[in-house]
Amino acid sequence: MNNRGYYSQFGGAYLPEILVATFDELAAAFAAVKNDPQFWQEYQALMATYSCRPTPLTLAENLTRHFGGARIYIKREDLNHTGAHKANNVMGQGLLVKRMGKTRVIAETGAGQHGVATATMAARFGYDCTIYMGEVDVERQRPNVFWMEQLGAQVVPVKDGTRILKDAINEAFRDWVSNMDNTHYVLGTACGPHPFPEMVTHFQSIIGQEAREQIMAREGRLPARVYACVGGGSNAMGIFAGFMDDDAVELVGVEAGGRGLASGAHASRLCSSDAAIGVAQGYKTYFLQDAEGQMQETHSIAAGLDYVGVSPILSHLKETGRVRFEAATDREVVDSMRLAIRKEGLIPALESAHAFVQAFKEAPALAPDEALIINQSGRGDKDIFTVADAFEDPGWREFIIRKAAQYQA
Ligand SMILES: *Cc1c(COP(=O)(O)O)cnc(C)c1O
C-alpha cells in the first residue's frame, strides 16, 4: 500500500473537500495505534473478556471422514459476542474512538448485523449511536431493528433512492459532514475510502494470527488452503492476513453466486464478467455495474454478501494472483449448511456456508495428511427465517401462520 491508501490501482479516498480533514485525522489516529503494542494488548484483553477470544479452531472429524481427504478445521468466529467476526472490527474502532475523545458513533447497515454490532459496542463504551438503514431493509429486518433499539441506538429509516444499503451509506456520510467534531463513522467492512480498508483488516487480522498459531500447534504444519466467504471482504482479509506471507498456503475467497453466474442474479464481483473497475462510495474497486456505470441489482441468499463493491485490497490480490476467487450458488449453500449441521452440529451463517461449499468441493482431492481451514464467520441462528423456508420445514410454516393469526385476532 502506498501512503494515499492505494493497493496498485485500487483503493484511495475520493472525498468531498469537507471530509478531507476528518479522514486525515482518522488516518493519523489509526497510524498511531497501529504501531502501539499497548493498544493491541488492550484490544486483545477486551476481546478475551467480552467476546470469547481466542476463538477455537475446531477439527471437523466427521466431515473429514465423510470427504476422505484433507483434515478439515473450522475457525469459530461464530462464537464471538453478537455471533460473528463483526465484533472484532466494531470493538477495535470503539477503542480508537475513545482515544480520539469522540462521544458519538454512526453506522450504516443493510441486513442489520453490523448495526447490532455497532449498537452493542456503543452501549458498552457509553457512546450515543445512530444507525442508518434503508427503509426497505428496516421492514425486512425487524428482529435486528428491535435489538438495535433495545441497545439504545436510534435507527433512522432512509427514504431516499431505492431505500437500501447504498442510500443508507450516503445518509451516514451526510450526518458525518455535519457532526465531524464529536462523531466517528464505524464502517462495517474492508471497503470505503482510506484508511477504512486497512483499518478494518488490521482489527480482523486477529483471526488469522490466532488461526496460524492454532494450526501450527495442532498439525505442526501450515494448512494447504484457507477458505473464507467474501462480502465486503473483512472476514476474508482477517483470516488471510495470518497466512499472506506463507506462499505455500493457497487463499480462496468465495463470493455469492446467487442463482448462478449466468443468471445475472448474484453478487460476484471478482469471478464473474459482470463487474468493472470504477470509483463509487469514495474508493476504487470492482463494482457490479453496467456499461454506463449504473450500479446493478445484486442477489444472494446471504444478506451479508449482497453488496455491489468489494475490498480494494482483495481486488489487488486478485490481480496479483495471491487469492483465488470462486462463487457458490444459493442452492449449494443450503446443501452445505445442512451437511455441516447434521455431521458436526455446527450452524454456520448462510454467508459462511459459501466458504464451506468450496472447501467441500476440494477436500476430497487433497491428501489425508494435509489440512485446510474454513472461516466460519458467523452463526446461522439469525438465518432461521430463510433456512427454514429453504429446508421446506412444515412445522416452521405452521408456526409462522399460527403466530400471524394471533396478531390478527
Ligand atoms: C457481514 C457478514 C459477512 C460479510 O462481510 P465481510 O466483510 O465480507 O466479512 C460474512 N459473514 C457473516 C456471518 C456476516 O455477518
Side-chain angles (χ1 to χ4, degrees), residues 55 74-90 92-93 107-118 120 137 141 143-144 147 165 169 186-192 196-208 226-241 251-256 267-270 283 285-286 298 300-315 317 323 325 327-328 333 336-337 340 346-357 374-384 386-387:
T55 60
I74 318 275
K75 181 61 173 163
R76 301 292 305 282
E77 291 305 299
D78 58 306
L79 297 178
N80 276 295
H81 182 39
T82 68
H85 69 293
K86 289 188 167 71
N88 305 327
N89 174 40
V90 297
Q93 292 198 42
E108 89 297 340
T109 193
Q113 295 300 117
H114 175 57
V116 171
T118 301
T120 301
D137 291 326
Q141 307 290 343
N144 285 331
W147 286 124
L165 178 64
I169 293 175
V186 185
L187 213 132
T189 187
C191 290
F196 280 111
E198 183 195 359
M199 183 166 82
V200 176
T201 296
H202 179 69
F203 292 129
Q204 294 293 1
S205 71
I206 196 166
I207 306 172
V226 177
Y227 297 86
C229 66
V230 179
S234 71
N235 88 92
M237 280 308 303
I239 194 160
F240 292 169
L251 307 175
V252 185
V254 187
E255 296 186 301
S268 169
R269 297 113 326 162
L270 296 174
Y283 70 111
T285 195
Y286 279 94
T298 53
S300 172
I301 192 170
L305 304 187
D306 204 348
Y307 176 52
V308 287
V310 67
S311 176
I313 312 180
L314 287 174
S315 288
L317 294 171
V323 178
F325 290 91
V333 163
S336 288
M337 187 170 175
L346 293 174
I347 306 181
L350 283 166
E351 290 83 1
S352 320
H354 285 69
F356 283 65
V357 169
I374 305 170
N375 198 27
Q376 183 168 336
S377 53
R379 61 172 191 234
D381 313 41
K382 70 177 173 62
D383 297 318
I384 188 163
T386 310
V387 174

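Model, not experiment: these values are computed from the prediction. Note that ligands are numbered from 1 as they come in the structure, with each ligand's atoms numbered from 1 the same way.
For the pair Asn235 and ligand 1, the shortest N or O to N or O distance falls below 3.5 Å. Ligand 1 has a nitrogen or oxygen under 3.5 angstrom from a nitrogen or oxygen of Ser234. Of the N or O atoms in Gly232, one or more lie within a sub-3.5 Å distance of an N or O in ligand 1. Here's the thing with Gly233: one of its N/O atoms is less than 3.5 angstrom from an N/O atom of ligand 1. Considering backbone and side-chain atoms alike, Ser377 places an N or O below 3.5 Å from some N or O of ligand 1. Close N/O approach between Gly231 and ligand 1 is found [any backbone or side-chain N/O within under 3.5 Å].
One distance of note links CG of Leu251 with CG of Leu317; it measures 8.0 Å at 0.5 Å rounding. From His85, atom NE2 reaches atom CG of Asn375 across 8.0 Å, with rounding to the nearest 0.5 Å. Distance check: Thr201 OG1 to Phe240 CZ gives 11.5 Å after rounding to the nearest 0.5 Å. Taking OG1 from Thr55 and CD1 from Ile207, the interatomic distance works out to 7.5 Å, rounded to the nearest 0.5 Å. For the atom pair NZ of Lys86 and OG1 of Thr118, the computed distance is 10.0 Å after rounding to the nearest 0.5 Å.
For His202, the ring pair (Phe, Tyr, Trp, His ring centres under 6.0 Å) partners are Phe30, Trp40, not counting sequence neighbours. Applying the ring pair (Phe, Tyr, Trp, His ring centres under 6.0 Å) test to Phe203 and every residue at least two apart in sequence or in another chain returns Tyr43.
Within ligand 1, the atoms closer than 4.0 Å to a non-hydrogen atom of Ala349 are 13 (C), numbered from 1 in the order shown. Near Gly378, the atoms of ligand 1 lying under 4.0 angstrom from a non-hydrogen atom of the residue are 13 (C). Numbered from 1 in the order shown, with element, the atoms of ligand 1 that lie under 4.0 Å from a heavy atom of Gly304 read 4 (C).
At least one heavy atom of His85 lies less than 4.0 angstrom from ligand 1.
Remark: minimum distance from atom 1 (C) of ligand 1 to any protein heavy atom is reached at Lys86 NZ, 1.4 Å. Nearest to atom 7 (O) of ligand 1 among the protein's heavy atoms is Thr189 OG1, 2.5 Å.
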*Could you walk me through whether Asn144 and Gln113 pass side chain to side chain donor-acceptor pair (under 3.5 Å), step by step?*
CA-CA 7 Å; Asn144 285 331; Gln113 295 300 117; 3.1 Å; yes

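For Arg379, no heavy-atom contact with ligand 1 is shorter than 4.0 Å.
Remark: side-chain polar atoms of Ser311 are paired, donor with acceptor, to backbone N or O of Ala190 under 3.5 angstrom.
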